[in-house]
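Below is one structure, written out as C-alpha cells; the observations come after it.
Counting starts at 1 for both ligands and their atoms, following the listed order.
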Amino acid sequence: MTVHIGAAPGEIAETVLMPGDPYRAKWAAETFLEDAKLVNEVRGMLGFTGTWKGNKVTIHGSGMGMPSLSIYVNELIKDYGAKTLIRIGSCGGMQQAVKVRDIIIAMTASTVSTPSRGIFRELNFAPSADWSLLRAAVRAAEGKGATPHVGGIYSSDVFYDERPDLNEQMTRHGILGVEMEAAELYTLAARYGCRALAVLTVSDHLLTGEALPSEDRERTFGDMVEIALEAAFAES
Ligand code: HPA
C-alpha cells in the first residue's frame, strides 16, 4: 500500500496502461483482460490487474493533468516496480491534417511546465517516448488499418486556455495535438529507466471546433487499448 494506491505488493503488473478516467480503466479491464481484479480504489481512482494473452497487465487511472498523473506514476514505478507505462487518452487536434478520430502516437511532449520542472533549473528537458514502444505501437495501429500521426504533442496545464497565442505557436511548430499528461509521464520514465508512450485519439479540434460524439469515444478508446497492449508485448 502507498499513500494513493491500496494494492498489496505484487498486485500491480510491470506493464501499466493509464487512461485519465478511472471508469475507462474499469471498462478496458473488463473488456480486454482476463481475470481482471480491482486492486485500487483509493479516492475513486480505480486500478485493475488481469492478464492479456497470458501477460500480466494493470490498467490504472491517472486522473486529469500532470500533478495527478505524477502521483500515480511515481508510486507505480518506485513502490510497485512498474516498468512499461502507456497513457491511452484523448487530445485536441492542432493541425488541419489531423482529423477528429485520428490516432496520434506522441514522439515528444512539449510543455510549459511539469511537476518535475524544478529539478532542471534553466534546462529545457525534452520528454520523449520510448523508441521500441513507439515503433511497436505504429505497427500495431497500421495492422488495424489506421494511419497514425507520429510526432510532437503539447502537454498543457490547462484545458480552458486563456493563451490562444501559445496554441498558435504550437500549431506553427508542427505540434499535432494538446493533452495534459504525457510530458510528466515521459519525464518520470526517463528518470527511473522505464519505457513510456502516449497513444491518443483526437476527440476535439482546436482549429475546426469539431468534437467527437460520445458513442464514437468508446470505439476509438477500445482501439487505443488494443494498440497499447500489442505494443507493450511486441517482440522487439
Ligand atoms: N486541451 C487539453 N486537453 C485535452 C483537449 C484539449 O483541447 N482535448 C482532450 N484533452
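Using a cut-off of 4.0 Å between Lys/Arg side-chain N and Asp/Glu carboxylate O, E179 and R87 are scored as salt-bridged. We find that E210 and K99 are not joined by a salt bridge, their nearest charged nitrogen and carboxylate oxygen being 4.0 Å or further apart. Between K26 and E30 a salt bridge is recorded (basic side-chain N to carboxylate O distance below 4.0 Å).
Short contacts between ligand 1 and S90, defined as distances under 4.0 Å to a heavy atom of the residue, involve ligand atoms 9 (C), 10 (N). In the vicinity of G92, heavy-atom distances shorter than 4.0 Å reach the ligand 1 atoms 5 (C), 7 (O), 8 (N), 9 (C). Those atoms of ligand 1 that come under 4.0 Å of a heavy atom in C91, given as number and element, are 8 (N), 9 (C), 10 (N). Every atom of ligand 1 with a heavy atom of L206 under 4.0 Å away is listed here by number and element: 7 (O).
Looking at Y80, Y72, F48 one by one, the single match for ring-ring contact (aromatic ring centres under 6.0 Å, His included) with H60 turns out to be Y72.
Atom 4 (C) of ligand 1 has as its closest protein heavy atom V178 O, 3.5 Å. Protein heavy atom nearest atom 8 (N) of ligand 1, with residue, atom name and distance: D204 OD1, 2.8 Å.
When non-hydrogen atoms are compared, ligand 1 lies under 4.0 Å from neither the backbone nor the side chain of S156.
Using a 4.5 Å heavy-atom threshold, the side chains of I59 and P19 count as touching.
Nearest heavy-atom pair, I105 versus A141, reported as atom, atom and distance to 0.1 Å: CD1-CB, 4.5 Å.
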